[in-house]
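Quick note on labels: first sequence line is chain A, next is B, and so on, each numbered from 1.
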Protein chains: 2
Amino acid sequence: MWQLSTKGRYGTRIMYQLAMKYGNGPMLLKEIAANENLPLKYLEHIIPILKKHKLVISTRGPQGGYQLFKDPKDISIKMIIEALEGDIAPTSCVESPQVCEKNTTCKSRKIWAIVDEKIKETLKNITLHDMIEDNMENSLCKNIVL
Amino acid sequence: MWQLSTKGRYGTRIMYQLAMKYGNGPMLLKEIAANENLPLKYLEHIIPILKKHKLVISTRGPQGGYQLFKDPKDISIKMIIEALEGDIAPTSCVESPQVCEKNTTCKSRKIWAIVDEKIKETLKNITLHDMIEDNMENSLCKNIVL
DNA sequence: TTTAATTCCTACCATTTTGATAGGGAATAT
DNA sequence: ATATTCCCTATCAAAATGGTAGGAATTAAA
């Protein structure tokens, strides 16, 4: 099955928890793990990636924890998934044409490029704010291109 | 990176080769492997899956080989990918809600369900015939739902 | 009826990825 | 000081990935 890894899935849930607490100071990773019923020690591997990509910031010591780096309205699911899963694309040739010499004519590549575009368009148009407001479908109507 | 496996990618290329020879008798797997520059012995693992899903038929012995089970116009990329990768969905909870008790309210699941729908809509509307005719983009306009 | 061509089946395997657990170090608010 | 919290590195079992290998079964054609 063509499935996202736990990095992408758990990471999205981390970001959702942080988005719900946005503006109210740091949130403990322990708390996130408890709310989402996920292993704390494993989340400790995932959240540094989000930090590296400037999606969250951390505060150490007592009263510390994690917060979103910016407003939930300015963080798309695409940013989250690309941070955690790397460049998302059905095949590597879509993003890196040089991996295959047939890239200009390959009919398969053309399909994967179209799929890739659809996925990115979709993920780009859903923000953490949409997620909180449960406004995911509507948000997709913003940038329809015909 | 969130990528299709070689099953899905090589399998699509197998089907493309067969589509190009549709109506002209069986094609050797050896020939497909050569045309696509893929390891024959590995394709021997992939093609039985396509056969099981009634996408190709085989003829044994000399003058044998493989042919498409039906017209390229009646085979979508979705059929091919689902045969080879299993149910495609960003998360298993999209197809199998019972894997998570939060399924009715989960905001993450809602996102993956939307992405899933977009991917399937896209793959459903590209056929092997479109691929041969290099008509992939146009074929996507058929079933637009606003 | 032999032979050669071809698919079909099973076993095996090396490497990488996945999904963690564990232990302790560093920073800091109180 | 101390407790709290993030941070870093190591380790690991299990599964998935991407093959290779060898030969059995089927069958068209010589």
Side-chain angles (χ1 to χ4, degrees), chain A residues 1-14 17-18 21 25-34 36-53 55-69 81 84-88 90-92 99, chain B residues 1-14 17-18 21 25-34 36-53 55-69 81 84-88 90-92 99:
Chain A
M1 182 164 163
W2 184 31
Q3 216 186 239
L4 285 172
S5 75
T6 49
K7 270 190 197 164
R9 291 184 281 128
Y10 293 1
T12 304
R13 290 160 70 181
I14 290 174
Q17 286 290 325
L18 291 176
K21 217 188 157 174
M27 187 174 190
L28 295 181
L29 193 57
K30 196 183 357 181
E31 195 185 345
I32 297 175
E36 292 286 343
N37 195 29
L38 294 174
L40 169 62
K41 273 299 197 181
Y42 187 43
L43 298 192
E44 282 187 347
H45 284 297
I46 296 175
I47 204 151
I49 306 174
L50 296 169
K51 194 182 166 186
K52 194 174 69 185
H53 285 82
L55 294 173
V56 307
I57 48 175
S58 62
T59 315
R60 295 170 81 155
Q63 315 310 315
Y66 294 95
Q67 310 173 58
L68 289 189
F69 190 86
I81 296 301
L84 295 164
E85 304 274 352
D87 275 330
I88 52 173
T91 62
S92 54
V99 302
Chain B
M1 183 165 162
W2 183 32
Q3 215 186 239
L4 285 172
S5 75
T6 48
K7 270 189 198 165
R9 292 183 282 126
Y10 294 1
T12 304
R13 292 160 69 181
I14 291 173
Q17 286 290 325
L18 291 177
K21 215 186 157 177
M27 186 176 191
L28 294 181
L29 194 56
K30 196 180 1 176
E31 194 184 346
I32 297 175
E36 292 286 342
N37 195 28
L38 294 173
L40 170 63
K41 273 301 199 180
Y42 187 43
L43 297 191
E44 282 187 347
H45 283 299
I46 296 176
I47 203 150
I49 307 173
L50 295 169
K51 194 183 166 186
K52 196 175 67 186
H53 285 82
L55 294 173
V56 306
I57 49 174
S58 62
T59 316
R60 297 172 80 157
Q63 316 306 319
Y66 294 94
Q67 310 173 58
L68 289 188
F69 191 87
I81 296 301
L84 295 165
E85 304 275 350
D87 274 331
I88 52 173
T91 62
S92 54
V99 302

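- Rounded to whole Å, atom P of C:dT18 lies 7 Å from atom NZ of A:Lys7.
- For B:Arg60 and D:dT26, a side-chain-to-base donor-acceptor distance below 3.5 Å is absent, hydrogens and geometry of angles not being considered.
- In this model, the phosphate group of D:dT5 is not approached by any side-chain N or O of A:Thr59 to a distance below 4.0 Å at OP1 or OP2.
- As a whole-Å value, the separation of B:Ile57 CD1 from C:dT6 P is 17 Å.
- Considering only side-chain N and O atoms, A:Ser5 lies nowhere under 4.0 angstrom from the phosphate OP1 or OP2 of C:dT17.
- When the P atom of C:dT17 is taken as reference, atom CD of B:Gln3 falls 11 Å away, rounded to whole Å.
- Here the straight-line distance linking atom CD1 of B:Ile47 with atom CG of B:Leu29 works out to 5.0 Å at 0.5 Å rounding.
- In this structure, the CG atom of B:Leu29 is 11 Å from the C1' atom of C:dC8, given to the nearest Å.
- Between B:Trp2 and A:Trp2, the two ring planes are parallel [angle under 30°; tilted spans 30° to 60°].
- In this structure, B:Met1 places its CE atom 18 Å from P of C:dT16, rounding to the nearest Å.
- Considering CG of B:Leu43 and NZ of B:Lys30, their distance stands at 13.5 Å, rounded to 0.5 Å.
- Side-chain nitrogen and oxygen atoms of B:Thr6 include at least one within less than 4.0 Å of the OP1 or OP2 phosphate oxygen of D:dG18.
- Protein atom CG of B:Leu84 is 12 Å distant from nucleotide atom P of D:dT17, rounded to whole Å.
- Straight-line distance from the CG atom of B:Leu28 to the P atom of D:dA28: 15 Å, rounded to whole Å.
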Run the side chain to side chain contact (heavy atoms under 4.5 Å, CB included) check on A:Tyr66 and A:Leu50 step by step: do they pass?
CA-CA 11 Å; A:Tyr66 294 95; A:Leu50 296 169; over 6 Å; no
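- Screening A:Leu68, A:Val56, A:Leu18 for a side-chain contact (heavy atoms from CB on, under 4.5 Å) involving A:Met27 leaves a single residue, A:Leu18.
- Residues B:Glu85 and B:Ser5 are in side-chain contact: their nearest non-hydrogen atoms beyond the backbone lie under 4.5 Å apart.
- Using a 4.0 Å cut-off, no side-chain N or O of B:Tyr66 falls inside it from OP1 or OP2 of C:dT6.
- For DNA chain C, the residues of residues 39-53 of chain B within the heavy-atom distance limit of 4.0 Å (strictly under) are B:Glu44, B:His45, B:Lys51, sorted by number.
- Note that the CD atom of B:Gln3 and the OG1 atom of A:Thr91 stand 6.5 Å from one another [nearest 0.5 Å].
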